[in-house]
Amino acid sequence: MKQHSMDIATPSRTKEIIRKHGFSFKKSLGQNFLIDMNIMRRIVDAAELDEHTGALEIGPGIGALTEQLAKKASRVTAVEIDNRLIPILHEVMEPYPNVSVVHGDVLKVDLHALFQDRFQEVERVSVVANLPYYVTTPIMMKLLEERLPLKNIVVMIQKEVAERMAASPGGKEYGSLSVAVQYYCEPEIVCTVPHTVFIPQPNVESAVIRLKVREEPPVRVSDEALFFEVVQASFAQRRKTLWNNLKARYNQLTGTEALQEALEEAQIEPSRRGETLSLDEYARLSEAIGARMASNEA
């Protein structure tokens, strides 16, 4: 049992586990294992775990973060896509009876069923993950759109994606991802992470971001799907004005004065660009466009 007193998130212990199991990294799965305990602590602290909290971990790798979560949370469920890692996880997690490992692709897992099954006894759940860069956005959107009973989502992702999630209107980082994330959460960048603290080292900088999941969106919209559609349309071509982007998407409203009226009603200048609009302005705009579309169909 002695070896378990040594944290996994160190270069020597990580290399020892990899060697012992003859594990080789798959580039296609974006596997980069964290070997820095300071960053590990920042992630775990940001998740605000206690004996009433569950943690859902996505992509646990060899269990470095899983181990730290197990020490703080009431229950930990780790979903791992790579079947070669399952026996390793079972072995290293043996001292932690509150951890369960699920082999699966989180994008295909029925998360509501998983929550029913694994987190019945806990009051709240935080998602904690070192996410592979190539699937960051689809995983985040699934977590948010499924309206799971989450408290925090704390993820290590590519630094520039974290900056886009946390961006304010007006900057070049602000886009449809910023609006979507901020509709569901309050984002806060916890720390940036150099590539030297991973094995193997990725060729991009990372950041840890915490998303505090909102109980209610900050704006009221009667049609969420339309709200997100208007946001997507407004950013379709970043160099174009709002008017040109919306005209291309809602050409059924441009023959009449309807699109012009919608913008006037929302008090938004047609010459503005998508990245200058706040969530509140997008909400007003989507309501106004929705009303014109409804009267068009009537």
Side-chain angles (χ1 to χ4, degrees), residues 30 32 34 39 42-43 46-47 58-59 127-145 150 152-198 201-214 217-219 221 224 226-246 248-249 263 266 268-286:
N32 304 94
L34 185 60
I39 307 274
R42 307 273 311 256
I43 295 172
I58 299 163
V127 171
V128 190
N130 170 10
L131 287 182
Y133 300 142
Y134 70 103
V135 285
T136 298
T137 304
I139 289 175
M140 296 299 290
M141 293 321 295
K142 175 171 176 165
L143 291 170
L144 297 171
E145 286 166 358
L150 294 173
N152 289 308
I153 300 174
V154 180
V155 286
M156 169 129 57
I157 54 177
Q158 200 171 332
K159 181 172 169 241
E160 101 190 30
V161 178
E163 285 168 349
R164 278 169 34 209
M165 289 180 178
S168 305
K172 65 179 195 309
E173 282 87 21
Y174 184 77
S176 53
L177 181 65
S178 325
V179 176
V181 165
Q182 291 168 36
Y183 181 79
Y184 294 110
C185 310
E186 294 173 58
E188 176 199 346
I189 293 179
V190 176
C191 59
T192 55
V193 184
H195 53 87
T196 49
V197 299
F198 296 96
Q201 293 187 12
N203 44 16
V204 293
E205 272 194 285
S206 306
V208 176
I209 189 168
R210 171 172 59 194
L211 307 172
K212 272 190 180 297
V213 180
R214 300 179 189 272
V219 291
V221 293
E224 241 171 47
L226 178 67
F227 170 76
F228 287 117
E229 183 188 284
V230 168
V231 171
Q232 290 283 351
S234 304
F235 285 103
Q237 295 194 33
R238 287 189 78 99
R239 293 218 162 107
K240 288 194 165 181
T241 60
L242 205 53
W243 174 256
N244 283 332
N245 273 330
L246 293 173
R249 181 69 187 76
L263 283 155
I268 294 167
E269 283 293 322
S271 59
R272 286 174 65 185
R273 287 193 163 75
E275 68 259 32
T276 67
L277 270 67
S278 65
L279 262 74
D280 197 47
E281 289 176 308
Y282 274 119
R284 296 204 307 263
L285 182 58
S286 73

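Sequence positions, counted from 1, serve as the residue numbers for this chain. Treat the numbers as computed from the prediction; the structure is a model and nothing was measured.
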Query raised in the report: Quick one: are F198 and N130 in side-chain contact, heavy atoms under 4.5 Å?
Result: yes
Query raised in the report: Does a side-chain heavy-atom distance below 4.5 Å link M165 with I209?
Result: yes
Requested in this report: Measure the shortest side-chain to side-chain distance between M140 and V181 over non-hydrogen atoms and say whether it is less than 4.5 angstrom.
Outcome: no
Report summary line: Heavy-atom nearest pair, T241 first then S271, reads CG2-O, 3.6 Å
Requested in this report: For residues L242 and P270, determine if any side-chain heavy atom of one lies less than 4.5 Å from a side-chain heavy atom of the other.
Outcome: no
Requested in this report: Determine whether V208 and R42 make a side-chain contact, defined as any pair of heavy atoms from C-beta on separated by less than 4.5 Å.
Outcome: no
Report task. Find out whether K212 and E188 are in side-chain contact, i.e. whether some heavy atom of one side chain is under 4.5 Å from a heavy atom of the other. Result -> no
Report task. Inspect the surroundings of CD in Q201 and state if more than 12 heavy atoms from other residues, nucleotides or ligands are less than 6.0 Å away. Result -> yes
Report summary line: CD (E269) and CG (L263) are apart, to the nearest 0.5 Å, by 9.0 Å
Query raised in the report: Looking only at heavy atoms, what is the nearest atom pair of E281 and L277, with distance?
Result: OE1-CA, 3.3 Å
Requested in this report: Would you check if F227 and V179 make a side-chain contact, meaning some heavy-atom pair closer than 4.5 Å?
Outcome: yes
Query - Between CD1 on residue I153 and CD1 on residue I139, distance to nearest 0.5 Å - result: 11.0 Å
Report task. Work out which heavy atom in V230 is nearest to a heavy atom in S234; give both atom names and the distance. Result -> O-OG, 2.7 Å
Query raised in the report: Just how far is it from atom CG of L150 to atom OH of Y184, taken to the nearest 0.5 Å?
Result: 12.5 Å
Report summary line: One should read off an interatomic distance between I268 CD1 and S278 OG, to the nearest 0.5 angstrom, of 7.5 Å
**Report entry** Distance (rounded to the nearest 0.5 Å) between E205 CD and T196 OG1
**Finding:** 9.5 Å
**Report entry** Nearest heavy-atom neighbours spanning R273 and R238
**Finding:** CD-O, 3.5 Å
Query - Y174 side chain vs G274 backbone, donor-acceptor pair below 3.5 Å - result: no
Report task. Using modelled atom types only, decide if a donor and an acceptor are shared between the side chain of R214 and the backbone of C185 within a distance under 3.5 Å. Result -> yes
Report task. Determine yes or no for a side-chain-to-main-chain donor-acceptor pair under 3.5 angstrom, with E163 supplying the side chain and I189 the backbone. Result -> no
Query raised in the report: Side chains of L246 and L285: closer than 4.5 Å at any heavy-atom pair?
Result: yes
**Report entry** Donor-acceptor contact present, side-chain N152 to main-chain R210, <3.5 Å
**Finding:** no
Query raised in the report: Can you check whether R164's main-chain N or O pairs, donor with acceptor, with S178's side chain at less than 3.5 Å?
Result: yes
Query raised in the report: What distance separates M156 CE from I43 CD1, expressed to the nearest 0.5 Å?
Result: 4.0 Å
Query - Backbone N/O of Q232 and side chain of R249: donor-acceptor pair under 3.5 Å - result: no
Query raised in the report: Step by step, would you call N245 with Q237 a side-chain contact (heavy atoms from CB on, under 4.5 Å)?
Result: CA-CA 7 Å; N245 273 330; Q237 295 194 33; 3.7 Å; yes
Query raised in the report: With a 6.0 Å cut-off on ring centres, are F228 and Y183 close enough?
Result: yes
**Report entry** Nearest non-hydrogen partners of V190 and A46, listed with the distance
**Finding:** CG2-CB, 4.0 Å
